[in-house]
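A short worksheet on the structure shown next.
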Amino acid sequence: MHDAILDLVRQAHALTETAAVATSDRTTRKQLVLADLSLHLVQAALRHEQPDPAELKRYLFSILTVCDGFVPDLDLKAMANVVLPPPK
């Protein structure tokens, strides 16, 4: 089942990257980047028998950072820095 999901994610990943490069609208590009990061998170979760914690943290940090602008009542970037501080 993992392989079938990963195949679909690869297809969606290619579409989101192509669309993000093609758009000039900043909000649309940010939405597509968020979708792309989410797909990377799915890949990180399913690619190996045991997901790599560092990889999961990196994608979660990036997702929270990009989501920051879409959730104005929360400071998600600050939360990401507290909960998932980037490596030094």
Side-chain angles (χ1 to χ4, degrees):
M1 182 62 87
H2 285 85
D3 290 337
I5 294 168
L6 289 170
D7 285 341
L8 291 171
V9 168
R10 275 189 282 280
Q11 292 173 38
H13 181 263
L15 290 171
T16 57
E17 281 190 341
T18 300
V21 170
T23 187
S24 60
D25 181 70
R26 186 174 181 201
T27 301
T28 300
R29 180 174 289 133
K30 197 170 179 180
Q31 289 172 307
L32 291 165
V33 167
L34 178 59
D36 186 60
L37 288 168
S38 300
L39 293 167
H40 280 291
L41 183 60
V42 172
Q43 289 173 324
L46 298 179
R47 188 177 9 231
H48 304 291
E49 186 174 317
Q50 180 65 35
D52 176 16
E55 188 177 24
L56 295 174
K57 287 177 188 178
R58 187 175 72 243
Y59 288 123
L60 287 170
F61 178 86
S62 298
I63 288 168
L64 287 172
T65 301
V66 173
C67 281
D68 187 59
F70 292 118
V71 185
D73 58 326
L74 295 174
D75 189 352
L76 293 176
K77 185 170 183 160
M79 287 182 192
N81 283 313
V82 170
V83 176
L84 302 160
K88 295 177 177 158

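Side chains are part of it too, since the values below use all heavy atoms of this structure and drop only hydrogens, waters and symmetry mates.
- A heavy-atom distance below 4.5 Å is not found between the side chains of Leu76 and Phe70.
- Listed by first then second residue, pairs satisfying salt bridge (Lys or Arg N to Asp or Glu O under 4.0 Å) with a partner in residues 52-75 read Arg47-Glu55, not counting sequence neighbours.
- When the side chains of ILVMFWY residues are joined at heavy-atom separations under 4.5 Å, either directly or via intervening members, Leu74 and Val82 end up in two distinct hydrophobic clusters.
- Going from atom CG of Leu37 over to atom CG of Leu41 covers 9.0 Å, rounded to the nearest 0.5 Å.
- Note on residues 13-44: pairs passing ring-ring contact (aromatic ring centres under 6.0 Å, His included), not counting sequence neighbours, are His13-His40, His40-Tyr59.
- Cys67 and Leu34 make their closest contact through SG-CD1, 3.6 Å (heavy atoms, listed as atom of the first residue, atom of the second, distance).
- Counting heavy atoms from C-beta on, the side chains of Gln11 and Leu15 never come closer than 4.5 Å.
- Not counting sequence neighbours, the partners of Thr16 by the side-chain hydrogen bond (donor to acceptor under 3.5 Å, both in side chains) test are Asp36.
- Among residues two or more places apart in sequence or in another chain, the salt bridge (charged side-chain N to carboxylate O under 4.0 Å, His left out) test is passed with Arg10 by Asp7.
- At a threshold of 4.5 Å between non-hydrogen side-chain atoms, the residues Lys30 and Val66 count as touching.
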Next on the checklist: With side chain to side chain contact (heavy atoms under 4.5 Å, CB included) as the criterion, how do Phe61 and Val83 come out once you've worked through the C-alpha distance, each side chain's angles and the decisive distance to 0.1 Å?
Outcome noted: CA-CA 9 Å; Phe61 178 86; Val83 176; over 6 Å; no
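- The hydrophobic cluster containing Val42 also includes Met1, Ile5, Leu6, Val9, Leu39, Leu46, under a criterion of side-chain heavy atoms closer than 4.5 Å among ILVMFWY residues, counted directly or through chains of members.
- Note that CG of Leu32 and CG of Asp25 are 9.5 Å apart. Values are rounded to the nearest 0.5 Å.
- Heavy atoms only, all atoms of each residue included: Pro51 and Leu56 are closest at CB-CD1, 3.6 Å.
- With sequence neighbours excluded, no residue forms a side-chain hydrogen bond (donor to acceptor under 3.5 Å, both in side chains) with Thr18.
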